[in-house]
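What follows is a single structure, written as structure tokens, with notes after it.
Residue numbering restarts at 1 for every chain, and letters A, B, ... go by the order of the sequence lines. The shown structure was predicted, so the numbers you read here are calculated from the model rather than taken from an experiment.
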There are 2 protein chains.
Amino acid sequence: MKKRVTIQDLAKELNTTPSTISRALKNHPAISKSMKKKVVDLAKERNYQINALAAGLRIGKSKTIGVIVPRINRDFFSNVIAGVEDMAFENGYNVVICQTHDKVAKERQHLNTLISSGVSGILVSVGLETNNFDHFDEVKRLGIPLIFFDRVAEQSDVNKIQNNDKAGAYKAVVHLIDNGYKRIAHFAGPDYLNVYKDRKEGYLDALRDYNIEIEEELIIESDLKVESGRVSMKQLIELPNPPDAVFSASDYSALGALLYLDEMGIDVPNQIGVVGYSNENFTALISPSLTSVNQHGMEIGRYAAKVFFEEINDQQKSLIPRTIVLDPELIIRASSVRK
Amino acid sequence: MKKRVTIQDLAKELNTTPSTISRALKNHPAISKSMKKKVVDLAKERNYQINALAAGLRIGKSKTIGVIVPRINRDFFSNVIAGVEDMAFENGYNVVICQTHDKVAKERQHLNTLISSGVSGILVSVGLETNNFDHFDEVKRLGIPLIFFDRVAEQSDVNKIQNNDKAGAYKAVVHLIDNGYKRIAHFAGPDYLNVYKDRKEGYLDALRDYNIEIEEELIIESDLKVESGRVSMKQLIELPNPPDAVFSASDYSALGALLYLDEMGIDVPNQIGVVGYSNENFTALISPSLTSVNQHGMEIGRYAAKVFFEEINDQQKSLIPRTIVLDPELIIRASSVRK
DNA sequence: CTGAAAGCGCTAACAT
DNA sequence: ATGTTAGCGCTTTCAG
């Protein structure tokens, strides 16, 4: 168990000073080629790793981006993270991933830790519980670049990368209408989260545009988990006049509906059509495969990171907060196309 | 954009010194109750967050555990991470999550970053590509606690938390035999990863114990992805004498097999039985639901973290490396039970 | 019970 | 092209 080697150790070995080592390692223009080579070679030989704590303390922050997501085992979020990691790596930054399990308390805690550890920026998709954004004030006060993605804060003065959820939902519902479905139900999420509110609006818009009557009893709000989908579907089926299609704001609740319909022996897509949201991996793998809306997680992640790098590269801090909206894509599968 | 408040700021406000503030915040016994209260209250009021970089530099490491996994969007790994996070939180530690996408290069990179950033310990499940463990030498040389889990290094002098993959596989295959299947194929992973080697051995042991002939042509090695499962299943079905069951070392390749069989109109479980491995969420959600082996990710994570805390709490460093083996559980579902 | 002072390893102005 | 020096914010010995 040896001590780690520092730039002082390298300096001593080469009869020079820490400054020179530091500069050589950073490829500073004022250092001679020969010296750079000597330093780099020795560093490799001695297995030198920079002490990020010391460097970070010195320059006031670490070359790290914090990403906060509700859960890491969702395909959408893991794609976003992969996108962020790509961009970060290209720019020599590290990514620290935090999951909140949809709890505000965890969100707060992670935020504090990230601030404590001197991250250069924070990318966040807020949790289901989060309907108040005070805890982000400190981040902004400290001038740490803050970028929201997917589930975004309602404040206007922050950077946001969003999906056009309204358009995605609209496409989904129009697709159902085009396939001859007449009474389309909707599994909605909590209204205070932009994504669910927008998906509901897209649904309503489509019905209006096609002169289909909106029926409140066909709109069911829940936590959108598998079990809720099952329960909601049961509730719909037991209606005196049940719907012939469902547009769910989540693939998970759509899956619950499919499972319930399968148990009941109701044919999907011929008796009832189903469309989900998010294009989770499993949507392609189940039977019938589930039509869903792809949100391009990877691109969202890359954009979020891109906005971060623009923020830190802008010396004049003249950038005004931007909102980038990406158009989602409807992936048509078996669950919504009648034979 | 104000500067962050430091313990000096607090000290000035209370007409005392940084030492006192530092001690008060850490609940040092030598500080008076009244002083502690004053300090804690002011810290809260001023929104003080410790500078983890400075603290870390001072004490030579940060209160952080690094976790390296192949991918974060696998249910097993995300459960492990949740387990680690639980234990870490209870002990005031943070967790940084790194994913390698099964690439050794990424594994190296993350390892270096974690060392650089002064993590107190590293928990790792190695990637598919990793068949050499030199890059972990530096971690050990520096005396950083290193704990392998699930996919572990072959070295003997490291801490390991493993599943008893041999036993899990054995249970799975015996279950198939009990259900009347006679010719059981196996989708195997690369032999240099302990988990796949052990699963194969469990498969072979079960066949031997029940006097079933081992046929090399029924053992197919692949990367165990969905597509490989499909291809392997096709290969098996086209055999002059095809098997009547498959034990797959991965749920993903098992899924590929199910999809192919469905396309071919072959009935599962009546014509062919299928068992997967890892108990991914989707196994319960597809039709037919997939029998699989549950590896208790959460417990693995908690154990790994527990071993880490034991390591750092042992002043004499007298602890010898341990191997903890957990017994997995067979979850019987529709894909392997003939009607 | 509290204070003074040193130093963790690195960076970057300011020399030379 | 390289060296000198100060200091980032914290912890901790040693002193009182």
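- Atom NZ in B:Lys38 sits roughly 14 Å away from atom P in C:dC1 (whole-Å rounding).
- Remark: C1' of D:dA1 and CG of A:Asn15 are 16 Å apart, rounded to the nearest angstrom.
- Taking each heavy atom of B:Phe133 and B:Val152 in turn, the nearest pair found is CZ-O, 4.1 Å.
- Sorted by first and then second residue, the pairs that involve residues 9-24 of chain B and meet salt bridge (Lys or Arg N to Asp or Glu O under 4.0 Å), not counting sequence neighbours, are B:Glu13-B:Arg46.
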Quiz: residues 84-92 of chain B side-chain donor-acceptor pairs under 3.5 angstrom, not counting sequence neighbours:
| from | atom 1 | to | atom 2 | distance (Å) |
| --- | --- | --- | --- | --- |
| B:Glu85 | OE1 | A:Gln99 | NE2 | 3.2 |
| B:Asp86 | OD2 | B:Arg302 | NH1 | 3.4 |
| B:Asn91 | ND2 | B:Met87 | O | 2.7 |

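- Put simply, CD1 on B:Ile21 is 10 Å from P on D:dC10, counting in whole angstrom units.
- Salt bridge absent: B:Lys160 and B:Asp150 never bring a charged side-chain N and a carboxylate O closer than 4.0 Å.
- Nearest to the side-chain atoms of B:Ile7 among the listed nucleotides C:dT2, D:dC10, D:dT2 stands D:dC10.
- The side chain of B:Tyr48 contributes an N or O atom lying less than 4.0 Å from OP1 or OP2 of D:dC10.
- The closest side-chain donor-acceptor pair between A:Asn27 and A:Lys36 falls under 3.5 angstrom.
- Between the CG atom of B:Leu10 and the P atom of D:dG9 there is a distance of 12 Å, rounded to whole Å.
- Atom-to-atom, CD of B:Gln8 to C1' of D:dC8 comes out at 10 Å; the value is rounded to the nearest Å.
- Distance, A:Leu14 CG to D:dA1 C1': 15 Å, rounded to whole Å.
- As a whole-Å value, the separation of A:Gln49 CD from C:dG9 P is 15 Å.
- Across all strands shown, A:Thr17 has heavy atoms under 4.0 Å from base atoms, whether or not it also approaches the sugar-phosphate.
- Residues meeting the side chain to side chain donor-acceptor pair (under 3.5 Å) test with A:Asn79, sequence neighbours left out: none.
- In this structure, the CZ atom of A:Arg46 is 17 Å from the P atom of C:dG9, given to the nearest Å.
- In this structure, the side chain of B:Ser62 engages the main chain of B:Gly118 through a donor-acceptor pair within 3.5 Å.
- Partners of A:Ile324 according to the side chain to side chain contact (heavy atoms under 4.5 Å, CB included) rule, which considers only residues two or more places apart in sequence or in another chain, are A:Ile161, A:Tyr303, A:Val307, A:Leu326.
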Protein-nucleotides 12-16 of chain D N/O pairs under 3.5 Å:
| from | atom 1 | to | atom 2 | distance (Å) |
| --- | --- | --- | --- | --- |
| D:dT12 | O4 | B:Ser19 | OG | 3.4 |
| D:dT13 | O4 | B:Arg23 | NH1 | 3.4 |

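- Here the options are B:Ile122, B:Val158, B:Val124, the test is side-chain contact (heavy atoms from CB on, under 4.5 Å), and the partner is B:Phe136; only B:Val124 passes.
- In this structure, B:Thr6 does not reach the D:dG9 phosphate: none of its side-chain N or O atoms is under 4.0 Å from OP1 or OP2.
- Remark: A:Ile50, A:Asn51, A:Ala54, A:Ala55 in residues 50-57 of chain A come within less than 4.0 Å of DNA chain C through at least one heavy atom.
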